[in-house]
Amino acid sequence: MTERKPPGVDFESWVDRQIRDAEARGEFDRLPGAGKPLPADVDAVYDELWWVKRKLAREGASVLPPALALRKEAEDVLEAALRAPSEPAVRRMVEDLNVKIRDVMFKPPPGPPLGLKPYDVDEVVRRWRERRAGR
């Protein structure tokens, strides 16, 4: 749309004509979201960081306080340890996790309390052995 509104033509009529012409050319046919309902957040209060939040959600990223991030990491490490290929790998994974947990335990919490204590490496290895024996 590079042409200017002609003098003497009502602005609304000129815009309506531009839209009708674009529709006739099919310029609205393949727009993203065509035929779908508007997103639920259309009626939400304006948030100037909306695009950042959408980008983070699309990328699957999240920003958690350090204590909560470590809790999530602990869950993931323990699950991975139970699938580890060898006992030394299990021990190394849990010992590395315990170093991080101890580090957070001896610092003032920047967020919610951690609620974790170091894991008993031998107990995790015992669970790993039981799981492998059940295969």
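Sequence positions, counted from 1, serve as the residue numbers for this chain.
When all heavy atoms of Lys117 and Met105 are compared, the pair lying nearest together is CA-SD, 4.2 Å. Contact detail for Phe28 and Ile19: the closest heavy-atom pair is CE1-O, 3.8 Å. Heavy atoms only, all atoms of each residue included: Ala80 and Met93 are closest at CB-CE, 3.3 Å.
The line from CZ of Arg129 to CD of Glu87 is 4.0 Å long, rounded to the nearest 0.5 Å. One finds the CD atom of Glu27 at 10.0 Å from the CD atom of Gln18 (value rounded to the nearest 0.5 Å). Distance check: Asp120 CG to Arg127 CZ gives 10.5 Å after rounding to the nearest 0.5 Å. Atom NZ of Lys107 and atom CZ of Arg102 lie 14.5 Å apart (nearest 0.5 Å). If you take CZ on Arg92 and CG on Leu97, they are separated by 14.0 Å, rounding to the nearest 0.5 Å. Between the CG atom of Leu31 and the NZ atom of Lys36 there is a distance of 12.0 Å, given to the nearest 0.5 Å.
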Given the rule in the side-chain contact (heavy atoms from CB on, under 4.5 Å) test, do Lys55 and Arg58 qualify, once you have shown the distances and angles that lead to the verdict? CA-CA 5 Å; Lys55 173 81 170 160; Arg58 207 172 39 247; 3.5 Å; yes
If you apply the rule salt bridge (charged side-chain N to carboxylate O under 4.0 Å, His left out), what do you find for Glu59 with Lys53, and how did you get there? CA-CA 10 Å; Glu59 299 290 326; Lys53 292 175 182 174; over 6 Å; no
Take Glu123 and Arg126 through the salt bridge (charged side-chain N to carboxylate O under 4.0 Å, His left out) test and state the conclusion after the steps. CA-CA 5 Å; Glu123 174 61 22; Arg126 183 192 62 72; 2.3 Å; yes
Working note: Val121 + Glu95, criterion side-chain contact (heavy atoms from CB on, under 4.5 Å); need CA distance, chi angles, decisive distance, verdict. CA-CA 7 Å; Val121 176; Glu95 287 167 358; 3.9 Å; yes
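Between the Asn98 side chain and the Pro118 main chain, no donor and acceptor come within less than 3.5 Å of each other. Not one N or O on the side chain of Trp128 forms a donor-acceptor pair closer than 3.5 Å with the backbone of Val90.
Applying the 4.5 Å side-chain rule to ILVMFWY residues, one finds Leu49, Trp50, Trp51, Val52, Leu56 in the same cluster as Tyr46.
Residue-environment remark: CZ (Arg25) exceeds the threshold of 12 foreign heavy atoms within 6.0 Å.
The shortest distance between side-chain heavy atoms of Asp16 and Arg20 falls below 4.5 Å. No side-chain heavy atom of Asp96 sits less than 4.5 Å from a side-chain heavy atom of Lys100. Taking the side chain as every heavy atom from C-beta outward, Asp122 and Arg91 approach each other to under 4.5 Å.
Salt-bridge formation is not detected for the pair Arg71/Glu75: no Lys NZ or Arg NE/NH1/NH2 atom is positioned less than 4.0 Å from an Asp or Glu carboxylate oxygen.
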